[in-house]
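Every chain is numbered from 1, with letters handed out A, B, ... down the list of sequences. What you are looking at is a predicted structure, and each value in this text was computed from that prediction instead of being measured.
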Amino acid sequence: MTWTKKDILDIESLSRDEITMLLETASGLKEISERSIKKVPTLRGKTIVLFFMEPSTRTRISFDIAAKRLSADSISISASTSSIVKGETLIDTARNIEAMRPDILVIRHSSAGAPHLIAKHLSVSVVNAGDGMHAHPTQALLDMLSVREVKKEISGLNVAIVGDIAHSRVARSNIIGFSRMGAHVTIAGPPTMIPAGIEALGTTVAASVDAAIENADVIMMLRIQKERQKRFLMPSEREYAVRYGLNKSRLACIRPDALIMHPGPINRGVEIAPEAADGPNSIILEQVTNGVALRMAVFYLLAGGVRNADSD
Amino acid sequence: MRILIKTGRVLDPGKTDLVADMLIIDGKIADIQPPGSQALSQSSVDTEIDATGCIVSPGLIDMHVHLREPGHEYKETIESGIQAAAAGGFTAICCMPNTSPVNDNAQITRYIVDKAASFNAVRVFPVGAISVGLEGAQMAEIGEMKSAGIVAVSDDGRPVVDSLLMRRAIEYAEGTGILVISHCEDPYLSDGAMNEGPFATRLGLSGIPNASESIMVMRDIALSELTGCRVHFAHVSTRESIEAIRAAKQKGIRVSAETAPHYFMLTDNAVAAYDTHAKMNPPLRSEKDRLAVCEALADGTIDVIATDHAPHAMLDKAVEFDLAANGIIGLETALPLALSLVQKGVISMEQLLFKMSANPAGIIGLKSTLDIGESADITIIDPDRVFTYKADSGRSKSRNTPFDGWEFKGCAICTMVNGRIVYRV
């Protein structure tokens, strides 16, 4: 199989074979980060722009490190340093960046669909690093990579995703990704955080957190944002921790081989208790490690892979 | 000046339906006679229009248009707007007050009326604001604006959130002989970018539930019942609103309603690729709602088809979806889209003409007639003319439409205001 896609905009547009190819490429590249000299010349002379219109530490650093490990030149632009603050439109800013001939443009933006808008107007490869509540494909891919490493097969697994599904691009991408790979995805959370028609993405809504996690091979907890209280989504963090958090009492009920995951940054004591985050079932830091390998695979395939002329 | 319209189907719904020749003399309908009648063919005419196979109808009226002047002339001007209206078959339009400055006082009303009159084309009837600056706090000078030429008031684009202000506005306006048009939206519930449902969830866009509209429809029905005063509902899009309006009408409450072509043609799946031409307020709804709108057009619950013509420049639309402006242009596509309902058997041609002429005329207090001696405000419709709609060749200054490139069957081939031809294919 050869890689033919110009962009990675969401999980929905990736086939099962493409997801597998990304995961296998990432597995192969992971070893580079274990070397004492953590750099290969594969993408020497390639330029990757990291265009982050929304605050991010982990994801931006992960992309940056991934680019550098492959010897690509990476440049970061954030909202405050771009001309967007001077009133330039997104398309104009993107066109200006493209005029400097980068090979890949990684974009994070608070508006759903912003990477799609750019990809439509530009010929450069676009990678979505998170757009509003819509998609975070590299996060879902690195989550699948992390699960596959331990469980070998994604197909047939029970995956529970718990928390604010409505506002989570991570949840959407993981529901689509894991279900496309053959897992059974169940979600749980306060009804205020379960969006209308979510079942259509390939998931079932559990009656309670307990019902969702009791038989789960994978438990993914989502970050709860303080500002959600303002939109009346929950009464307080304290109540959330008791009713919906992965706390000590719930930890006692999970399968012994269940994997505990979190896209980070975590709110200790809110959606996840320290005992769960730091315990033997947690692969939260492994997710971060795999993030670099997965993003290396993304760059490798987009910039180094052979692209068919009739693609897209 | 004598114009002879030959062998058209003269159709004034509920009154006249016959194939005939129509003679117009000095702006007035002078005579209607059987085709080839001696009486008409003997008189010399300046212009002869062959209307064989066409419908000669009272001029179409669009009671919901945004002309953008004053203030946003880069999107539309009064001049370009009335040209688009003429091309769409409209002889009269009502323009909403959300200009800059807002049409909330007689001076602005007079500016619009005078400017529109200077083009001597499609008739323009301004709608004034309910509240000063559309801010929902203080009632605008409805009586003064009425003297200057408004036919209705609305804070269109924004709801009147304060129920007391809405109550007082419909009472006061009724006493002035002015209709109140309700933009029904609960702003607390409508903080979103598209219809709430599976499509919004998939796209990661925050949703606007049906209830954001129907709650306000139900409130204003209650206020209409309370006061006994008329209320007209703009751009109705949900089945819950329709059910409420249907029940209110059965109870004898004095409400009327309009919808726009996009609500009977499209659903929220049109947003699929973040197409900002599918972004409007209220948002495109589900298929169930679309079917309810069709049913309400058929059974008379919805009285009027209006365009909600909302011109926006590329600048306002070629941006991130949640930042894009709401609305689409509609003057040049409304009639072909409405005709598609006739072709599908959803409504009859007579119903179409009621909803695009007689009903809006009755609601606002304008004329829609083919009676002899009346002003010749006439639309000639060729129901069989097939064409591909190209937004680029439209008369509107803006191009924001999801119907670009659609193939249509049927359109206006001649629009006449006061016996003056303002558009002809």
Peer 1: Looking at Arg169(A), Arg172(A), His121(A), which has the largest count of heavy-atom pairs under 4.5 Å with chain B?
Peer 2: Arg172(A)
Peer 1: Give the minimum heavy-atom separation between Met280(B) and Tyr263(B), together with the two atoms involved.
Peer 2: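 Heavy atoms only, the tightest pair is CG-OH, 3.9 Å.
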Peer 1: Identify which part of Ser206(B) has an atom lying under 4.5 Å from any heavy atom of chain A, answering side chain, backbone, both or neither.
Peer 2: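 When you check distances to chain A, atoms from both the backbone and side chain of Ser206(B) fall under 4.5 Å.
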Peer 1: Tell me, side chain or backbone of Ala318(B) under 4.5 Å from chain A's heavy atoms, or both, or neither?
Peer 2: both
Peer 1: Students often mix this up, so state it plainly: with edges at 30° and 60°, are the rings of Phe408(B) and Phe387(B) parallel, tilted or perpendicular?
Peer 2: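 Geometry flag for Phe387(B) against Phe408(B): tilted rings.
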Peer 1: Look at the rings of Tyr274(B) and Phe321(B) and say which category their plane angle falls in: under 30° parallel, 30 to 60° tilted, over 60° perpendicular.
Peer 2: perpendicular
Peer 1: If I take atom CE from residue Met193(A) and atom CZ from residue Arg231(A), how far apart are they, to the nearest 0.5 angstrom?
Peer 2: 12.5 Å
Peer 1: Give the member of Gly197(B), Ala193(B), Ala273(B) that has the highest number of heavy-atom pairs under 4.5 Å with chain A.
Peer 2: Gly197(B)
Peer 1: If you take the centroid of each ring, where Trp contributes its six-membered ring, are His134(A) and His116(A) closer together than 6.0 Å?
Peer 2: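 Centroid distance His116(A)-His134(A): below 6.0 Å, so yes.
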Peer 1: Given the options Ala166(A), Ser110(A), Ala114(A), Gly197(A), which has more heavy-atom pairs under 4.5 Å with chain B than any of the others?
Peer 2: Gly197(A)
Peer 1: Per the side chain to side chain contact (heavy atoms under 4.5 Å, CB included) rule, which among Thr138(A), Asn128(A), Ile48(A) passes with Val106(A)?
Peer 2: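 That would be Ile48(A); it is the only one of Thr138(A), Asn128(A), Ile48(A) passing the side chain to side chain contact (heavy atoms under 4.5 Å, CB included) with Val106(A).
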Peer 1: Does any heavy atom of chain B fall under 4.5 Å from the side chain of Glu199(A), the backbone, both, or neither of them?
Peer 2: neither
Peer 1: For Leu201(A), is it the side chain, the backbone, both, or neither that has a heavy atom closer than 4.5 Å to a heavy atom of chain B?
Peer 2: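 Both parts, backbone and side chain.
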Peer 1: Where does Leu117(A) contact chain B at under 4.5 Å (heavy atoms): side chain, backbone, both or neither?
Peer 2: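 Leu117(A) touches chain B through side-chain heavy atoms alone.
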Peer 1: Can we say Glu287(B) and Arg290(B) salt-bridge, meaning some charged N sits less than 4.0 Å from an Asp/Glu carboxylate O?
Peer 2: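 A salt bridge is present here (some side-chain N lies under 4.0 Å from a carboxylate O).
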Peer 1: Just give me the residue among Leu323(B), Thr276(B), Asp322(B) that pairs up with chain A most often, heavy atom to heavy atom, under 4.5 Å.
Peer 2: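 Going by pairs under 4.5 Å, I would pick Asp322(B).
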Peer 1: Relative to chain B, which segment of Asp131(A) carries a heavy atom at a distance below 4.5 Å: side chain, backbone, both, or neither?
Peer 2: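 Side chain only.
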